[in-house]
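Here the structure is laid out as structure tokens; the discussion comes afterwards.
Bear in mind that the values here come from a model prediction, so they are computed numbers and not experimental data. By convention in this document, chain letters (A, B, ...) are assigned in the order of the sequence lines, proteins followed by strands, and residues within each chain are numbered from 1. FYI, side chains are in, hydrogens and waters are out, and symmetry mates aren't considered; it's all heavy atoms of this structure.
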Amino acid sequence: MTSPSPLQRLRTVLDDAVLNVTGGERPKSAPTLERPKQAAHGDYATNAAMLLPKLVGAAPPMIAERLSVALTEYLGDDLQAIDVAGPGFLNLRLSDAWLARALAQVLEAGDAYGTAGAGDAAEAIHLEFVSNNPTGPVHIGGARGAAFGSALANLLTFHGHRVHREYYVNDHGNQVELFGASLQARARGEEPPEGGYQGDYVTEVASRIPEAATRPVGEVATEGIALMVAAQKASLEAFRTTFDQWFSERSLHAPRGDGNPTHPSGPGAPDATAGADGPADATGPSEVDEAFAVLAEQGRTYERDGALFLSTTELGDDKDRVLVRADGRPTYFASDVAYHHDKRVRGYDRVIDVLGADHHGYVARIEAAFEALGGDRDRIELLITQFVNLFEAGERAKMSKRAGEFVALDDLVADIGVDAARWYLLARSHDTTIDLDLVDAREQAPENPVYYVQYAHARIRSILVRADAGETTAREPDDGSVNASERELVLAVLAWPDEVAEAAARRAPHRIATYALSLARGFAAFYRDCEVLAEGLPADVRARRLDVCSATVAVLASALGILGVDAPERMDREHAEVDAA
RNA sequence: GCCCCCGUAGCUCAGUGGAUAGAGCAGUGGUUUCCUAAACCAUGUGCGCAAGUUCGAUUCUUGCCGGGGGCACCA
């Protein structure tokens, strides 16, 4: 268990003060303790007094006065000033000594600072993301899903949850057959069939399948899918996105057979290659069959016109959905149902599906299916990532490169680099459309936020390295006081655990990017106003400011780590240009 | 028609039930004997419209307007 952060301790004190004033009762919503928008309002402001009029039977300013008395007593010398302001806010200003102690606690926590905030509420989470069709390269939509999903996984893990990352491979059904037929057509030097796959990559993949022109089309499809999955895996790894498991849709339809471990990769088990087909000679029901049996038990299915329906309507969907067509073939939805049955039985506390914008129509039916399977609706979340529009100097970017009608993840990475690509895809809320201008993103300059943040990290590292070597600079030392810039920076560092908690709770890794940028700006002000290595600076001042640097760089590294963006030791133009080339 | 997302500064977007709504970019004007100038400073009368809930709404609810997307016994 990590020790409480300085801010948590302060919250506890505030809570005590509230209880003191109310005589033991708490307001419905917890009081805020936040940085006020204006510096003149102190280090922290709380709305506590405005939450208590009904409990206390007094007006907010009056309550604020009483809270103020209690806080003054509890905090003693740590409290430099406390004021009642506006409609009942309490503005607190802490002493330099308090700040110094808080900073020491941050350094003591080291790399663990800000982690494990979930505490006892930590969950085992199944996180599915990307899940492109394995019939082509990872495209721009998949890139956003990959950036968002991997960063969300990093964020939730950092916060203390246990996250299982999974990619669902749609290796079953009509599209697979069509892909096989397209591959074979290319191998024969023909055009793909009506509605088939057109991209140049189809020809390329076909050329890597031995005798693709003459073998049974099913085999061609299987090999083609395997090649595409391998290619996607490589693209995603280069994009710093990895999975604990690639789950095969096809496996859901295979007989599981006796003794075949049904759910080998639950939260308690080591990662395994679950989702692989059962033994070749396995018999018995498939997982789809098992899921159907569960639905039937729950009384959620019925037959009509020869087809098997799931009554999702009674669970909030627009209409009931077909599981098995009249001709006996299961629908794609049947796979989805079985897949979620599998996730459920594997025993996670929570299931999160990250889906592309084109899948939002599935939300209602998947939630309904999850509930129909006996799941708790509060335990499944479907997050929809919105579209990415690419621009080139304000013009809509031409979408056709080598992958057909879409831009591939590989093309994006080759163009602007992994760091910029991840940053631009992650800096915005997942549910807003992104207009990404490649000219801006390519810019290897501090005008580009991603490099600005990296530069802040590199600059601090440089200071720390020089300090370790005992270096001083010939600069004029300042008076060594704790000035406004230093204070602001420390307060920003102290906000990190709250930022993580909020971002995790909201499934919002973009908040980490926003925070990182503001922390980098806070450091720039500190760097401008505070000498660190100047010769003639008192040793205690130098030590204190080096501590500020150490704490800041640790938080920046953690933030960039969550985003999957490199935190470099140094930056220089030559390297940047080489990387971009 | 129904459903989902969005509508905040010139542009791209953060943000919040509360005290004077922010950042980046672009623009303008400055700064370099500088721990990396890949820097810094100054400069901004903006929450689509209308009701409702609230002590207080840009934030929550409803309606409308505008933009994007989705509505298969395809995957």
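Residue A:His510 has a polar side-chain atom (N or O) positioned under 4.0 Å from OP1 or OP2 of B:G15. One finds no side-chain N or O of A:Arg461 lying less than 4.0 angstrom from the OP1 or OP2 phosphate oxygen of B:U36. Listed pair A:Tyr452 / B:C40 meets the phosphate criterion, a side-chain N or O lying under 4.0 Å from OP1 or OP2. Listed pair A:Lys37 / B:A19 meets the phosphate criterion, a side-chain N or O lying under 4.0 Å from OP1 or OP2. For A:Thr432 and B:C5, the shortest distance from a side-chain N or O to OP1 or OP2 is not below 4.0 Å. Checking the phosphate oxygens (OP1, OP2) of B:C41, a side-chain nitrogen or oxygen of A:Arg528 falls inside 4.0 Å. For B:C73, one of the phosphate oxygens OP1 or OP2 lies less than 4.0 angstrom from a side-chain nitrogen or oxygen of A:Lys319. OP1 or OP2 of B:U36 has at least one side-chain nitrogen or oxygen of A:Arg466 nearer than 4.0 Å.
Of the candidates B:A19, B:C40, B:C73, B:A19 carries the atom nearest the A:Ala85 side chain, counting heavy atoms from C-beta on. The side chain of A:Leu517 approaches B:G24 more closely than any other nucleotide in the set B:G24, B:A14, B:A38. In the set B:C6, B:C73, B:G69, B:G69 carries the atom at the smallest distance from any side-chain atom of A:Phe387. Each of B:C41, B:C73, B:G70 was ranked by its minimum atom distance to the side chain of A:Thr331; first place goes to B:C73. Of the candidate nucleotides B:G69, B:C73, B:C35, B:C35 has the atom nearest to the side chain of A:Ile463. For A:Pro449, counting side-chain heavy atoms from C-beta on, the closest listed nucleotide (B:G24, B:C35, B:C40) is B:G24. When distances run from any side-chain atom of A:Glu447 to the nucleotides B:G70, B:U36, B:A26, the shortest one goes to B:A26. Comparing atom distances between the A:Tyr527 side chain and each of B:C35, B:A14, B:C13 picks out B:C35 as nearest. Across B:A23, B:U36, B:A14, the shortest atom-to-atom separation from the side chain of A:Ser429 is found for B:A14.
The partner of B:C34 is absent, by the rule that a Watson-Crick or G-U pair needs both atom distances under 3.5 Å. Checking B:G17 for Watson-Crick or G-U wobble geometry (two distances, each under 3.5 Å) identifies no partner in any strand. A 3.5 Å limit on both hydrogen-bonding distances identifies B:C25 as the Watson-Crick or G-U partner of B:G10. Pairing of B:U45, defined by two Watson-Crick or G-U wobble distances under 3.5 Å, is not identified with any nucleotide. Here B:C2 sits opposite B:G70 as a Watson-Crick or G-U wobble pair (both hydrogen-bonding atom distances under 3.5 Å).
Geometrically, A:Arg459 does not engage A:Phe523 in a cation-pi contact defined by less than 6.0 Å to the ring centre and at most 45° from the axis. Judged by the 6.0 Å and 45° rule, A:Arg321 forms no cation-pi pair with A:Phe333.
Heavy atoms of A:Ile434 sit under 4.0 angstrom from primed sugar atoms or phosphate atoms, though from no base atom. Within the nucleic acid shown, A:His172 comes within 4.0 Å of sugar-phosphate atoms alone, with no base atom in reach, counting heavy atoms only. Contact annotation for A:Arg321: no contact, since no heavy-atom pair falls under 4.0 Å across all strands. Residue-level contact check: A:Ala458 touches the bases, meaning some heavy atom is under 4.0 Å from a base atom. Using a 4.0 Å heavy-atom cutoff across all strands shown, A:Arg506 reaches sugar-phosphate atoms only and no base atom. Within 4.0 Å (heavy atoms only), A:Ala364 reaches no atom of the nucleic acid at all. A:Cys530 comes within 4.0 angstrom of a base, heavy atoms only. A:Ala45 comes within contact range of at least one nucleobase, with a heavy-atom separation under 4.0 Å.
Going from the P atom of B:G17 to that of B:G7 covers 15 Å, rounded to whole Å. Between B:U59 and B:U54, the distance separating the two P atoms is 16 Å to the nearest Å. Rounded to whole Å, the C1' atom of B:A9 lies 32 Å from the corresponding atom of B:G70. Of the C1' atoms belonging to B:G29 and B:G44, the separation is 15 Å, rounded to the nearest Å. Going from the C1' atom of B:G10 to that of B:G46 covers 11 Å, rounded to whole Å. When the P atom is compared between B:C40 and B:C3, the two are found 48 Å apart, to the nearest whole Å. Taking atom P in both B:G67 and B:U28, one finds a spacing of 34 Å when rounded to whole Å. The gap from the C1' atom of B:G69 to that of B:G63 amounts to 22 Å, rounded to the nearest Å.
Taking the six-membered ring where tryptophan is involved, the planes of A:Trp246 and A:Tyr167 are essentially parallel, since the angle between them stays under 30° and well short of 60°. In this structure, A:Tyr339 and A:Phe247 have tilted ring planes: the angle between them lies in the 30° to 60° band.
You can call A:Phe89 stacked on the base of B:A19; the centres are under 5.5 Å apart and the planes sit within 30°. The ring of A:His360 does not lie on top of the base of B:G70; it is either too far (5.5 Å or more) or too tilted (30° or more).
At a cut-off of 3.5 angstrom, the base of B:A19 holds at least one donor-acceptor pair with the side chain of A:Asn91.
For the pair A:Leu92/A:Asp43, no side-chain contact is recorded, criterion being any heavy-atom separation below 4.5 Å from C-beta on. Counting heavy atoms from C-beta outward, A:Thr301 and A:Phe292 have side chains that stay 4.5 Å or more apart.
When each of A:Phe526 and A:Leu436 is assigned the nucleotide of RNA chain B with its nearest heavy atom, A:Leu436 is the one assigned upstream, toward the 5' end. Residue A:Asn448 is the one, among A:Asn448 and A:Ala326, whose nearest nucleotide of RNA chain B lies closer to the 5' end (criterion: closest heavy atom).
Nucleotide B:A23 holds its C1' atom 14 Å from the CZ atom of A:Arg511, rounded to whole Å. Between the C1' atom of B:C11 and the CG atom of A:Leu438 lies a distance of 16 Å, rounded to the nearest Å. Distance, A:Tyr451 OH to B:A37 C1': 19 Å, rounded to whole Å. The nearest whole Å value for the distance from the CD1 atom in A:Ile384 to the P atom in B:G68 is 20 Å. Look at CD on A:Glu535: it is 19 Å from P on B:U33, rounded to the nearest Å. The distance from atom CG of A:Asp440 to atom P of B:A38 is 20 Å, rounded to the nearest whole Å. Distance, A:Asp566 CG to B:A38 C1': 16 Å, rounded to whole Å. Computed from coordinates, the A:Glu367 CD to B:C4 C1' distance equals 12 Å when rounded to whole Å.
Counting heavy atoms of neighbouring residues, nucleotides and ligands inside a 6.0 Å radius, atom CZ of A:Arg377 exceeds 12 of them. Atom CD of A:Glu471 sits in a crowded spot, with more than 12 heavy atoms from other residues, nucleotides or ligands closer than 6.0 Å.
Between A:Gln454 and A:Asp419, the side chains place a donor N or O and an acceptor N or O closer than 3.5 Å (distance only, hydrogens not considered).
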Derivation of the salt bridge (Lys or Arg N to Asp or Glu O under 4.0 Å) call for A:Asp320 and A:Arg304: CA-CA 11 Å; A:Asp320 290 348; A:Arg304 190 176 70 204; 5.5 Å; no
